[in-house]
Amino acid sequence: MAVTRKDFSIFPLGDSAVLAEFGTRLDLDVNLRLQRLAEAVRAKRVPWIRDIVPALGSLALHFDPGSVPAGLDPVEAAERLLKDSLRGALRAPRGRSASLEVPVCYDPELAPDLAEVAERVKLSVGEVVRRHAVAGHRVLMMGFAPGQPYIGGLDATLVVPRRATPRMRVPAGSIAIANAQTAVYPFEISGGWNVIGRTPLRVFDVEREPAALFTPGMNVRFVVIDRAEYERRCRL
Amino acid sequence: MPPVSIRVLRPGLHTTVQDLGRYGLQHLGVVPCGAMDVVAHRLANALVGNEAGAATLECTVVGPELLFEDMSLVALCGAAFEATVGGEPLPQHRPVLLTPGTRLRVGSAVRGARGYLAVAGGISVPAVLGSRSTYVPAAYGGFSGRALRAGDALDAGAPALAQTRFGRLKNTRSTGNFGSTGWRVEAITLPPANIVAVRAMEGRHYGQFDAGSRRAFFDETWQVSKDSNRMGFRLAGPALARRSAGELLSEPTCLGSVQAPADGSVIVLMADHQTTGGYPKIAEVAGADVALLSQVAPGGALRFVRCTVGEAREALQRLHEKIAGMTRGIELQYGG
């Protein structure tokens, strides 16, 4: 992984943030690299940067406009910071990424789109579940709602588009797929992805430290649980 | 000493507890929230002697009716409201000392859309993830994670605090119902009655829109639609078209990002904005004008005035200096 100036292009996002773009297409290696870069920048604890947000192929640094030092051009300073951190991020020994087992109940009552997905990809429902409930998934990005992960690594045979009409209410814990990703809904919200199961885990809980179950870069393994186990774990 | 107790007699349209926002967790999808008009929020706090980060009540278009059971020092900034204290007009943009048992009614906004009611000592709710701001979609922060309802009881600073602070103020006057000052601060985010000019920079996908759309964005008048909320303002106006229909990778968004989805609509992201999004960004509203934009009520008209990033940053710097100057002026009135 050679580091060159061309690793990213930098764009201002208004007057209080910059965006570094590493690629315009989803590339899992690029995504992994920018997750590491985000952590390296975070470790520097720059007082005038209040949010570091890695996404699928880009990374944003949000400034605290009140604390940018006088005379500092934050866009230039951010670019320098990213370049310096990029070297450090790649030199540093790679720690093992955190990993999480996510129990999923694929019961049709909790998986309103599972049968339709199976039909669309011409596999049995059981085979769709078998190909989804495996290791090898990874959190590519957090976004849309607090604690909501966008998880990559979906089996290529399970790639389906979003639903033509979004559902108004998707229950909390719903496991949904679209394109090449899996999302887990932290709250009951509207959503256009195909719901193929539900986890009893609390995806986001402000009473818990940390509140978010998922973090960017985390390795994820989906594990099949039956309805009785789902109900039991919901009561925990 | 027990805190000031505030009873909610009528909640208003959408009254929530807000502060300067919840930062540092956007990488986990945690939206920043905070006051839509941070300028009015800061001034209201300064007027009652609070730190800028103390929690205030954000009133939206129609404010609440509140019963202050104890002596309280309050200030209402932002939009101009038909507001009364015990039946008399409430003087806005200045500190007001309420006697125990006073009813304060923040009626309809006559100009602007959002008011900030600060109470000496701050609205006392637990901080969640480092902020007292309400985030209604996920039901956390503020008062029980939701907008106020009739019958709610809020706590704020102690009654003694109100009296002590008001006692330090110069140039005060009192009527039967309340005490106030002969001076007021300027309502710097109150929008003009006709078309509001909002400075904006070309967004990073501006060049992907066709020439007509690029022109129309800065030339035409936009109307804030009724489907606008704390998450985003939908604008009605010319339909915008991109030259290519390609999907974008979801990427980080900002307060003030102007998204233009494929259906031709335009959405300005506001305080409760999602942290990431996949729609093209045609523009970014200047940070200095976000507070002004938040004061445009549904149906109100605006125009985008092109500016550079450098100009936007300078404007923001000047706004911060202006607020700091006004805050120092208020501190002098407190004998500070």
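Each chain gets a letter, A, B and so on, in the order its sequence line appears, and its residues count up from 1. Worth knowing before you read on, the calculation uses all heavy atoms, side chains too, and leaves out hydrogens, waters and symmetry mates.
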- prompt: When you check the gap from the basic side-chain N to the acidic O, do A/R120 and A/E116 get nearer than 4.0 Å?
  reply: no
query: Can you tell me if B/Q317 and B/E321 form a side-chain donor-acceptor pair at under 3.5 Å?
result: yes
statement: If one checks every heavy atom of B/Y23 against chain A at 4.5 Å, the contacting part turns out to be both
- request: Tell me, for B/L25 versus chain A, whether the close heavy atoms (under 4.5 Å) come from the side chain, the backbone, both or neither.
  value: backbone
field: Salt-bridge contact B/D19-B/R132 (side-chain N to carboxylate O under 4.0 Å)
entry: no
- prompt: Which answer fits B/L28, side chain, backbone, both or neither, if we ask what part of it has an atom under 4.5 Å from a heavy atom of chain A?
  reply: both
query: Side chains of A/T182 and A/H132: donor-acceptor distance under 3.5 Å anywhere?
result: yes
message: Shorter than 4.5 Å, heavy atoms on both sides: which option in A/H62, A/M141, A/R25 has the most such pairs with chain B?
response: A/H62
field: Closest-packed option against chain A by number of heavy-atom pairs under 4.5 Å, given B/Q274, B/E284, B/E247, B/R204
entry: B/R204
- prompt: Less than 4.0 Å between a side-chain N and a carboxylate O, is that true for B/E331 and B/R328?
  reply: no
message: Please determine whether a side-chain nitrogen of the Lys or Arg among A/D113 and A/R167 lies less than 4.0 Å from a carboxylate oxygen of the Asp or Glu.
response: yes
- line: In terms of heavy-atom pairs under 4.5 Å with chain A, the winner among B/T253, B/T276, B/L249, B/T275 is B/L249
Over all atoms of both residues, closest heavy-atom pair of B/G78 and B/Q295: CA-NE2, 3.6 Å
- prompt: chain B contacts: which residues in residues 189-220 of chain A have a non-hydrogen atom closer than 4.5 Å to it?
  reply: A/F204, A/V206, A/A211, A/A212, A/F214, A/T215, A/P216
- line: The side-chain contact (heavy atoms from CB on, under 4.5 Å) partner of B/F233 among B/I267, B/V285, B/L293 is B/L293
